[in-house]
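A short write-up of the structure that comes next.
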There are 2 protein chains.
Amino acid sequence: MGSTIKDVARLAGVSIATVSRVINSPETVKKETRETVLTAMKESGYTYNTLARSLSTRKSLSIGLIVPSITNPIFAESTLGIQDCANNFGYTVLLGDTDYDFKKEAMLINALNERRVEGLIITTSSVSNPYLKKFKDEDFPVVFIYNTTFSEDFHFVTIDNFKSAYEIIKYLIELGHKRIGMIAGYFDISDRSYARWQGYAQCLKDHGIPQDDSLVVQESFTAPAGKEAMKYLLKMSKPPTAVFCSNDFLAIGAMSAVYEKGLKIPDDISICGFDNMELSSHIYPPLTTVDQPAYEMGYRAMEILMRVMAGEVTVPQHIFLDYKLIIRNSCSTLNLFTKGRKHEEKRF
Amino acid sequence: MGSTIKDVARLAGVSIATVSRVINSPETVKKETRETVLTAMKESGYTYNTLARSLSTRKSLSIGLIVPSITNPIFAESTLGIQDCANNFGYTVLLGDTDYDFKKEAMLINALNERRVEGLIITTSSVSNPYLKKFKDEDFPVVFIYNTTFSEDFHFVTIDNFKSAYEIIKYLIELGHKRIGMIAGYFDISDRSYARWQGYAQCLKDHGIPQDDSLVVQESFTAPAGKEAMKYLLKMSKPPTAVFCSNDFLAIGAMSAVYEKGLKIPDDISICGFDNMELSSHIYPPLTTVDQPAYEMGYRAMEILMRVMAGEVTVPQHIFLDYKLIIRNSCSTLNLFTKGRKHEEKRF
DNA sequence: TTTATAATTGTAAACGTTTACAGTAAACGT
DNA sequence: ACGTTTACTGTAAACGTTTACAATTATAAA
């Protein structure tokens with residue numbers, strides 16, 4: 001138990017160097033000795049010490065991953081993609097969850113540095129933080145995922161949050177909706193949510209629909225929050241006829257608020273989300289949303305990170321993956337008559 | 001950049017030992033020198049090297065966590081609990097996802113050993129694997145979560161899967177159901193699913209309801225799988241009037257199959273799940289399920305692991321956390337007349 | 001054979017810490 | 001002033017690897 005290269009060497013009657021060699025370049029050691037070493041390893045119950053290797057080679061063969069919430073299947077999926085890719089290269093990924101707290105984020109980055117990760121994949125909750133500059137200065141390998149705010153200096157892989165939001169709002173408008181609300185994740189915590197709002201706002205503007213700020217409410221990215229937000233929206237004197245949620249969690253929460261009021265989706269109100277998590281196609285009614293390729297997002301990011309770490313790539317990589325509007329049954333054409341009546345009935 | 005304790009020492013004009021001391025036991029070094037060292041650290045951009053510490057002290061201050069699927073919010077939640085607790089003790093957690101593949105599981109365990117984790121929290125997908133014996137023999141600190149099959153030798157924290165399943169089936173029976181199906185996760189991969197099935201079977205037996213094996217179908221733990229399974233069940237000549245799913249994912253998938261057939265929940269068929277993930281209360285209809293305290297599961301497991309690693313505890317800890325039957329609106333009393341009619345209408 | 005070359009192995013320093021031990025300086029008691 | 005304790009600091013070995021270099025042995029060429 002707990003045997004080292006030294007023990008193996010003694011047992012096999014060779015030097016520690018050759019033991020090291022049978023581990024790292026077996027072809028350079030004579031077959032016979034290689035085999036005695038191998039059996040010596042078995043017998044002594046040797047297990048390799050990655051830590052010592054890292055110290056000696058100054059390569060940890062590990063990268064850090066920082067996500068806002070591993071509980072969100074989008075990030076969980078990406079994690080899988082990252083891990084799969086990393087493993088292909090013999091790398092381990094060290095995961096940290098920030099809970100959308102940038103203080104925690106900074107601490108995690110520090111912890112990962114102390115563990116000598118060779119690179120970082122991160123979706124940051126605070127796009128304008130000091131350590132970002134530091135990454136740049138020390139040109140430490142970092143690739144951002146999901147974030148959309150760094151156009152210039154950094155590597156990132158993401159989707160076009162602005163355009164995708166624009167597109168889904170356009171779809172809503174084409175269905176006849178004019179009074180369109182938005183339940184957004186907090187802008188200061190999620191640049192994606194902000195970008196989606198921008199798409200929302202621009203699209204309204206382009207279609208001559210006046211913007212009503214009281215129709216957009218910021219919340220945390222959870223179903224309960226979506227529910228609360230929707231309750232608020234439904235209580236308005238002139239509630240929206242459709243609402244765009246910047247996340248499927250919010251959308252599902254919003255839907256439940258609608259049901260609790262005894263209204264129907266999409267007949268009485270249209271709701272759409274963002275992310276297309278697996279569950280969203282199975283709920284009732286199936287949720288209209290925009291699909292992000294979460295697994296691929298992670299995989300691609302890791303690929304790029306590998307190339308950056310290898311020094312093969314120096315100019316900032318800006319990858320926009322394809323998103324896709326997924327039209328299901330949670331949005332319908334506006335029927336002014338019904339909507340008006342129903343709402344009034346309910347309100348008084 | 002990349003400065004070491006040695007650089008700091010030189011810069012501050014002290015020995016590396018004192019630098020180490022200001023890091024580990026600042027109170028033992030004179031205030032003045034401490035401060036010069038501290039500023040030297042700043043100036044040289046020193047960042048601590050955990051790897052070297054680990055090598056020297058033979059403590060990695062890290063533990064491994066192995067889950068079947070981080071994409072499942074239950075495991076994600078537990079991960080959070082584990083991480084929070086671990087951080088309180090200055091420990092880092094290294095996460096691995098097995099995708100319910102025990103081959104992958106073995107590889108992960110090995111990888112974690114090479115990284116010299118001091119302990120392991122795991123929900124294993126193969127309860128009867130050789131390395132489990134190894135843990136025992138080498139008495140390596142391991143605590144299992146969610147697994148229910150190790151009554152004797154190991155530490156674990158879980159809920160009583162048998163009893164909880166028994167209870168929810170009893171509830172169904174009290175509602176008048178006799179033809180109760182089950183959509184289960186694969187037994188060979190999930191001992192929990194198997195235990196739940198046992199609870200299901202025992203409860204039927206205790207209530208004099210004959211068991212019909214064609215009513216229980218094993219699947220992977222996903223919504224699409226649940227949907228397929230439900231489709232199969234609905235196609236039977238005598239479909240169940242209620243079905244118990246061993247996971248909320250499966251339940252939600254099952255529900256969508258029901259809707260697609262034009263049937264209503266719970267009027268035409270009752271469905272219940274297991275886990276009580278956050279979303280389950282927000283879907284329509286809100287899902288009847290059993291709640292597992294996922295976060296606490298992780299937190300408690302980590303607490304125990306700490307005590308085991310510290311040698312404070314040697315007799316196997318067997319912790320059963322409280323589960324809770326959560327009755328919502330996806331199950332209703334059996335109405336023989338309606339059910340019969342509707343099914344017949346649909347079938348022909 | 002002998003020599004040159006290739007294949008195989010060993011020696012020892014290095015990676016960045018911690019820590020037992022020894023040393024020195026300051027403070028205290030008398 | 002002295003010895004003694006206390007506070008602080010330095011020296012050097014150790015943790016388990018890798019790797020440049022040297023040394024040895026085997027092989028091929030002459």
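All of these numbers come straight from a predicted model, not from anything done at the bench.
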Whole-Å distance separating the CZ atom of B:Arg10 from the P atom of D:dG10: 14 Å
Could you check how far CG of A:Asn49 sits from P of D:dG16, rounded to whole Å? 7 Å
Atom CD1 of A:Ile16 to atom P of D:dG16: distance rounded to whole Å? 11 Å
Considering every strand and a 4.0 Å limit on heavy-atom distances, what is the contact class for A:Thr57: base, sugar-phosphate, or nothing? sugar-phosphate
Looking at D:dC8, I'd like to know if its phosphate oxygens (OP1 or OP2) sit under 4.0 Å from a side-chain N or O belonging to B:Thr33. no
So does B:Thr28 get a side-chain nitrogen or oxygen closer than 4.0 Å to the phosphate oxygens (OP1/OP2) of D:dC8? no
Inspect the contact between A:Asp137 and A:Lys134 and indicate whether a charged nitrogen and a carboxylate oxygen are less than 4.0 angstrom apart. no
Roughly how many Å is it from CD1 in A:Ile5 to C1' in C:dG10, rounded to a whole number? 13 Å
Ignoring hydrogens and geometry, is there a side-chain-to-backbone donor-acceptor pair from A:Ser54 to A:Lys59 under 3.5 Å? yes
Assert: residue with more 5' nearest nucleotide on DNA chain C, out of A:Lys31 and B:Ala17, is A:Lys31
Sugar-phosphate, base or nothing in reach of A:Thr4, heavy atoms under 4.0 Å: sugar-phosphate
Under 4.0 Å, heavy atoms only, any strand: does B:Thr47 hit a base, just the sugar-phosphate, or nothing? sugar-phosphate
Ranking C:dG16, D:dT17, C:dG10 by distance to the side chain of A:Thr18, first place goes to C:dG10
Please tell me if B:Arg21 has a side-chain N or O lying less than 4.0 Å from either OP1 or OP2 of C:dT19. no
Steps toward side chain to side chain contact (heavy atoms under 4.5 Å, CB included) verdict (A:Tyr146, A:Ile74): CA-CA 10 Å; A:Tyr146 292 105; A:Ile74 286 295; 3.0 Å; yes
Could you check how far NZ of A:Lys30 sits from P of C:dT9, rounded to whole Å? 6 Å
Tell me the interatomic distance from B:Glu27, atom CD, to D:dT9, atom P, rounded to whole angstroms. 13 Å
Mind checking who D:dC15 pairs with, Watson-Crick or G-U wobble, both distances under 3.5 Å? C:dG16
Between CD1 of B:Ile23 and P of C:dT18 the distance, given in whole Å, is 6 Å
When rounded to the nearest 0.5 angstrom, what is the spacing between CZ in A:Arg10 and OG1 in A:Thr4? 7.5 Å
A:Leu61 atom CG is separated from D:dT17 atom P, nearest whole Å, by 15 Å
Heavy-atom count check: over 12 atoms from other residues, nucleotides or ligands less than 6.0 Å from B:Glu32 CD? no
Judged by each residue's nearest nucleotide on DNA chain D, which is more toward the 5′ side, B:Ser15 or B:Arg116? B:Ser15
Testing D:dG10, D:dA14, D:dT17 for proximity to the side chain of A:Arg53, the answer is D:dT17
From C:dT18, D:dG10, D:dT18, pick the nucleotide closest to the side chain of B:Val14? D:dG10
